[in-house]
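Accompanying notes for the structure given below.
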Amino acid sequence: MYQEYETKINEILVKNEIQTSITLLQPPSLELGDFCFVVNRVSGKNDPIEFGNKLKDFFVDLSGIHSITLFNTAGESGKKGVIYLNFTLDENMKISLMQNQIQSNFKNVNKKSYGTSQLNTGKTAVVEHTSANPISPIHVGNLRNSIQGDTYARILKSTGYKIHRLYYVNDVGLQISLVAIGYEITKNLNIKPVIKVDLHFGQIYAIMNCFYSIDQIKRKSKNKQNSLSKGYQFTESDISILQDEYKAEIQIIQSKIDTITVIDKASNNQKKELRDLKRDLTKLEDESKNIEKYDRIFYNLKGRFPKLFHPLLEEVSKLDLDKRQKTYLYSFEKNTDKYISSIFRELVSWNLGAFEWTLGRYNIEFDQFDYESDLTWSGKADEVIDQLAKSPNIVAKEGKALRYSYPSEAMAEFSKKTGRNKNSFPIKGQIPDLQLRRADGTALYPAKDIAYSIQKFEEFKPDVIYNVISTEQTLPQFQLLLPLFELGKVKYAKNLFHYSYDRVDLKGRTMSGRMAQYITADDYYNETFIRARIAKRDSDEKRGKSIPVTDEEWEEENLVLHAITLASTRFPLIESSPKRRIELDLDRELDFNRNSGPFIQYAHARANSILIKAEKEFNIKPSIKIDFNQITDIDVLEISDHLMLFEEKLNLAADTQDPSQIATWCFQLAQYLMKYYEKYPVLKLDEVNIVKARLFVIAMIKKGINVGLTTLGIPAVDRL
RNA sequence: GAGCCCGUAGCUCAGCAUGGAUAGAACGCUUGCCUUCUAAGCAAGAGGUCGUGGGUUCAAAUCCCACCGGGCUCGCCA
């Protein structure tokens, strides 16, 4: 708005042989002035106060200026302070500048293209998110991933990217093979799910995992031949035998640790040994705790899900679970037995169907599901390994096991060619080796991930790929890059990004897939929906609105409630920056007075209601053809400036991987609406020109809120 | 042991990229405002050693260093 003054002031400074250029700032209050700059920036070694007084004289010829004053932040007493030169404009000049600014702002907001940017026009981006294991329901923890990923994809799209949203289906692995075995058993016994299938499979998973874990603990024991009981549960004597065994082992390690600790100046090798020993110790301690833990889980699951538990236990007791798990997984990985493969595929498709339904309610969709098994069967992971095997950085260990060892000398080149700053590496110095293949010759997850990355680049030819994965996976996500680089895929290594977010915890609750204990995404939705209905009915009652009677009225109410539910579930998961760990307090999120999501929708509904009324009762439609001389409120300038900020925030959100920028912007805009609404009545004025002008302001704010909410994947409602 | 993230009001968080006047908001608390465009709202008030200590600078919540507290990661798991 004061661009011209900035240019002129800089010209004057140059004329007076002051080299430093200034940028104009906004004083904290209008009483101080309309714009200002910091004298210290240009005063150099001179005393800033003296210098400032001299400066004042340079600007006497500037037109439209009412007064220029000097301000010392240190006050009278202080010696050091910031010296501001404050400019106050003539009232007429100020209003005309303001009206010009508002007019030009609103012209832009009124355009169809408002709410988008051209930053990435013509480019393509792939966003992979959610990718939750298809063995137990999507829970609130997964939901942060989904909502972050979905929102980020929308933001990227608004900046011009063509977007592909992918879900990577981890359908190969130990856990899913346990579910497959359980599923096959229930299928043969003709046990059908009586609850939503993902919950049903979550229970099968918890039960099978419990049996398997107990079995594994027993197998590891040296006593298993003689004294341990057979079967998939612990007897009292099992527990005491196993605990004694662990105690003995822990003691041995502890004494080793003690001997090293005594040494005054331990060598580096000894230090390393000490670290390893301590790690072993924690591992052993954890394992010993597992005995009682799984014993507890066993009875817990038995009590909670008897109709699945008993038949599964009975059937599993007839077989060697460890052996079957290995054969099933191996067979599925190699796709050698059509029947076994079909079991895996069936259960996955059940679960994914349930996931799509759950996420669909949250306004989250995918363009494609990529199956890990397809990737495995295609042999692409093996190809990658074969190619990498020629590298001098590959270390072979027992059997067919291969690991990739990161050569420190190659890191500099990698850093240079991919533009990835060494300071941004998750580890300084030696990057830990990456295990690519098991001793039995099957590819491990990292190898598949490399292959999948290549596949994504080849399939969509994107400019960038974002993997939305929790911050815990920072290292493995980084480890992908150097092998890609070494395979000659420099561009891929350069353009593959880890969009990381920290975990979400639930206040007062622990979630555990192993115990089939979680707040599912469905629970979260349903609970919010119900409370939204109560809140809406309360407020309707206050306003004297009747409760819905006809089918149409019910349907309309449900649509509104759905929108509110989306706002109050999605908003808390993006309103703070992704890198911060958040603790969801359900009582807080479900209190609509505390939640900013519905607040924004409420602002939109209020704006809409004015517009509707204006059209119905006065037959006035908002139009840009208004008399801008009618706008003399500084509030409108602030509002129009804020509306113009959207594009900048959009680009920033895309650049810094931070959708919270948009959330904050929306919230502030809603606040502007509320304040404007209270301060400036629109339809109660006689002056038609003022009514039209204010109505247009309301229409522009409504558009802004609509654009903002849409970018966040939250519906803007016309009524609430 | 090494690396990364976090530490700002009673609670939940903005602000830090690009240093600049009195550090913002929501909730909670206190006080007003519904016969007037939707009170899921508005106005006002109380509430802060910006984790600690040092450094750079005319100027530090913001940049640098050290430390303290919390979390995460470092597997033939995925």
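Hydrogens, waters and symmetry mates are skipped; everything else that's a heavy atom, side chains included, is used. A quick note: this is a predicted structure, and the numbers were derived from the prediction, not measured. Each chain gets a letter, A, B and so on, in the order the sequences are listed, and its residues count up from 1.
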Quiz prompt | Point-to-point distance, once rounded to the nearest 0.5 Å, from NZ of A:Lys545 to CZ of A:Arg719 | solution = 6.5 Å
Quiz item: Does the gap between the ring centers of A:His642 and A:Tyr672 come in under 6.0 Å?
Solution: yes
Quiz item: On a whole-Å scale, what distance lies between the C1' atoms belonging to B:G41 and B:C37?
Solution: 13 Å
Exercise. Counting heavy atoms from C-beta on, name the nucleotide in B:U38, B:C58, B:A39 closest to the side chain of A:Asn40.
Key: B:C58
Quiz item: Rounded to the nearest Å, what distance is computed from the CD1 atom of residue A:Ile574 to the P atom of nucleotide B:C13?
Solution: 15 Å
Quiz prompt | Involving RNA chain B, stems made of at least three consecutive Watson-Crick or G-U pairs, both distances under 3.5 Å | solution = B:1-7 with B:68-74, B:29-33 with B:41-45, B:51-55 with B:63-67
Self-check item: Nucleotide nearest A:Ala605 (side chain, heavy atoms from C-beta), chosen from B:U36, B:U38, B:C42
Solution: B:U38
Quiz prompt | Chi class for B:C34: syn within 90° of 0, otherwise anti | solution = syn
Exercise. Measure from the side-chain heavy atoms of A:Arg543 and tell me the nearest of B:U12, B:C42, B:A40.
Key: B:A40
Quiz item: Say you pick atom P in B:C29 and the same atom in B:U22; how far apart are they, in whole Å?
Solution: 32 Å
Quiz item: Are A:Arg606 and A:Tyr677 in a cation-pi contact, defined as NZ or CZ under 6.0 Å from the six-membered ring centre and within 45° of the axis?
Solution: yes
Self-check item: d(NZ, A:Lys542; P, B:U38) in whole Å
Solution: 15 Å
Practice problem: Report yes if some heavy atom in the side chain of A:Gln473 is under 4.5 Å from a heavy atom in the side chain of A:Pro476; otherwise report no. | Solution: yes
Quiz item: Judged by modelled atom types alone, do A:Ser177 and A:Gln325 share a side-chain donor-acceptor pair under 3.5 Å?
Solution: yes
Practice problem: Answer yes if the side chains of A:Asp658 and A:Thr656 hold a donor-acceptor pair under 3.5 Å, and no otherwise. | Solution: no
Exercise. Could you pick out which residue, A:Val560 or A:Asp591, lies toward the 5' side of RNA chain B when each is mapped onto its nearest nucleotide?
Key: A:Asp591
Exercise. With P as the reference atom in both, quote the distance from B:G51 to B:A61 in angstrom, rounded to an integer.
Key: 10 Å
What N/O pairs connect the protein and nucleotides 16-18 of chain B at under 3.5 Å? Give each pair on its own line.
none

Quiz item: Once each nucleotide of nucleotides 71-78 of chain B is scored for protein heavy atoms under 4.0 Å, what B/S/- sequence comes out, 5' to 3'?
Solution: SSSS-BSB
Exercise. Give the nucleotide from the list B:U38, B:C34, B:A14 with an atom nearest to the side chain of A:Ser577.
Key: B:A14
Quiz item: In whole Å, what separates the C1' atom of B:U12 from that of B:G7?
Solution: 14 Å
